[in-house]
2 protein chains.
Amino acid sequence: MEAFRHFLESFHPVPAEDWQLLSAGLSVSPVKEGAVLLREGKIARELYFICDGILRLVKRTPEGEDITMFFLKENKCAVVLDSFSQEIPSQYSLEAACDAMVIALRKDYLLRLYEEIPYLRSLVDSITQQGLLEKIHTRNAYMGLDATRRYQHFLEQEPDIVARVPLSDIASFLGITQQSLSRIRKNLHT
Amino acid sequence: MEAFRHFLESFHPVPAEDWQLLSAGLSVSPVKEGAVLLREGKIARELYFICDGILRLVKRTPEGEDITMFFLKENKCAVVLDSFSQEIPSQYSLEAACDAMVIALRKDYLLRLYEEIPYLRSLVDSITQQGLLEKIHTRNAYMGLDATRRYQHFLEQEPDIVARVPLSDIASFLGITQQSLSRIRKNLHT
DNA sequence: GATGTTTTTTACCATTTGGTAAATGGGTAC
DNA sequence: GTACCCATTTACCAAATGGTAAAAAACATC
């Protein structure tokens, strides 16, 4: 819970009384690897803060294959923004890529808080905008690279993710099969 | 100019007096294909509204190759958000993918307008947030597809762009060489 | 209309990647 | 420990893609 407060305060100071109000609406829960926080097609009614672990944003292809769109790590917020704000069905699932601990904040509670805490709306907007910018930069960084360089870049940027989540998740994030990723790893070790 | 006003009003009504204030700071200019509105490494000091034509957000690789990150069409705003808001060097260039007509709004003028028009800040935030969401959706839609399907999807989504910008720009957007794109087109016509 | 420039297509072959399937390895439950 | 399950690696071959270069087409200029 303290980590979440620090995260919020990196955007805007949160006095004790506001924090009391806010924290009363939070629920902390452990999630097992593979557990689904939001299922594709459902409407996102909660915003998450990741205390520990890694989540992944997943899209299922028509062929029934799961593609990892993004990884989300501890000390970041995770929310399927368009579903959450416009209340439309989510095009993605939000799953735990490894065992994790998350804080959930329900949208209805957040809306009530907006009435009481005037700066909260723009604080949340800043969080989501930063999240979107990070996603775009992440994706852009891989454009124009071949599979080997994409993996090398991922290794540099997210060495801990490589160690903590299944390789198949990483392969789908990099846009290759897990066999190709395995082969790339073998060649790099040479 | 009217198109820009309509665009703004799709987010929030803009009374005549506010529009007068705002439009006094706008400059409309034609841009030739290939012209650079913002060069990689510079700080974005203007926000653009595209009246006509197509811009592209470009990143130069270490090998000196230009990669198209996104296309931006008429009736959309174009701004390199992190450079514009944080005043840091842009990682991308903004160029005209074909002859175009754009409206420029300088940041210093916008900041002054924020003082006079209270809802303008959140209006601009909404515009940029929508822009980011569109970029992410665009990119996500191509994940997990092979080159042929990526091109087919692009054809469906943006038939006019295919007709109006050089194929090499589209190939770099799709993550393939222009030779591969040409071959894919040939196979599809069969 | 002829010339030169740029864009697009085509062809060739080397390399990379995908698909299928089997072997290996690591972990868990009993 | 043994059996089982799942993740990862490996192997094989087919298919897709990249690199280089040249030809064809489109476009602009004079």
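By convention in this document, chain letters (A, B, ...) are assigned in the order of the sequence lines, proteins followed by strands, and residues within each chain are numbered from 1. FYI, side chains are in, hydrogens and waters are out, and symmetry mates aren't considered; it's all heavy atoms of this structure.
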Looking at [X], does any N or O in its side chain come under 4.0 Å of the phosphate oxygens OP1/OP2 on [N]?
{"X": "B:Ser182", "N": "C:dT8", "answer": "no"}
{"X": "A:Arg185", "N": "D:dT8", "answer": "no"}
{"X": "A:Lys186", "N": "C:dT24", "answer": "no"}
{"X": "B:Arg183", "N": "C:dT9", "answer": "no"}
{"X": "A:Thr177", "N": "C:dG18", "answer": "yes"}

Taking B:Ser90 for its side chain and B:Lys42 for its backbone only, find out whether a donor-acceptor pair lies under 3.5 Å.
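No, the answer is negative, given that no donor and acceptor are paired below the 3.5 Å cut-off.
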Position toward the 5' end of DNA chain C (nearest nucleotide), B:Glu33 or B:Gln179:
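It is B:Glu33 whose nearest nucleotide is closer to the 5' end.
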Roughly, in whole Å, what's the span from [atom1] in [X] to [atom2] in [N]?
{"X": "A:Asp169", "N": "D:dT8", "atom1": "CG", "atom2": "P", "result": "8 Å"}
{"X": "A:Leu174", "N": "C:dT16", "atom1": "CG", "atom2": "P", "result": "17 Å"}
{"X": "A:His189", "N": "D:dT10", "atom1": "NE2", "atom2": "C1'", "result": "15 Å"}
{"X": "A:Gln178", "N": "C:dT24", "atom1": "CD", "atom2": "P", "result": "18 Å"}
{"X": "A:Leu188", "N": "D:dT9", "atom1": "CG", "atom2": "C1'", "result": "15 Å"}
{"X": "A:Leu181", "N": "C:dG18", "atom1": "CG", "atom2": "C1'", "result": "14 Å"}
{"X": "B:Leu145", "N": "C:dT17", "atom1": "CG", "atom2": "C1'", "result": "16 Å"}
{"X": "B:Asp66", "N": "C:dT7", "atom1": "CG", "atom2": "P", "result": "12 Å"}

Kindly give the heavy-atom pair with the smallest separation between B:Thr68 and A:Met143, and that separation in Å.
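Looking at all heavy atoms of both residues, the closest pair is O-CE, 3.6 Å.
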Would you verify whether the NZ or CZ of B:Arg139 falls within 45 degrees of the ring axis of B:Phe70 while also being under 6.0 Å from that six-membered ring's centre?
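Yes, B:Arg139 lies over the aromatic ring of B:Phe70.
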Cation-pi check, B:Arg150 to B:Phe173: give yes when NZ or CZ is under 6.0 Å from the six-membered ring centre and within 45° of the ring axis, no otherwise.
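The answer is no, since B:Arg150 fails at least one limit relative to B:Phe173.
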With sugar-phosphate meaning primed atoms plus P, OP1 and OP2, does A:Gly175 contact a base, only sugar-phosphate, or nothing at under 4.0 Å between heavy atoms?
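Here A:Gly175 touches the backbone only, sparing every base.
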At under 4.0 Å between heavy atoms, what does A:Ile176 touch on the DNA or RNA strands: base, sugar-phosphate, or nothing?
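Sugar-phosphate, backbone atoms only, no base.
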Mind checking whether A:Tyr119 and A:Phe11 have ring centres under 6.0 Å apart?
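Not close enough - the centres of the two rings lie 6.0 Å or further apart.
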B:Leu167 has a side chain; which of C:dT8, C:dT17, D:dG18 sits nearest to it?
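Among the listed nucleotides, the one closest to the side chain of B:Leu167 is C:dT8.
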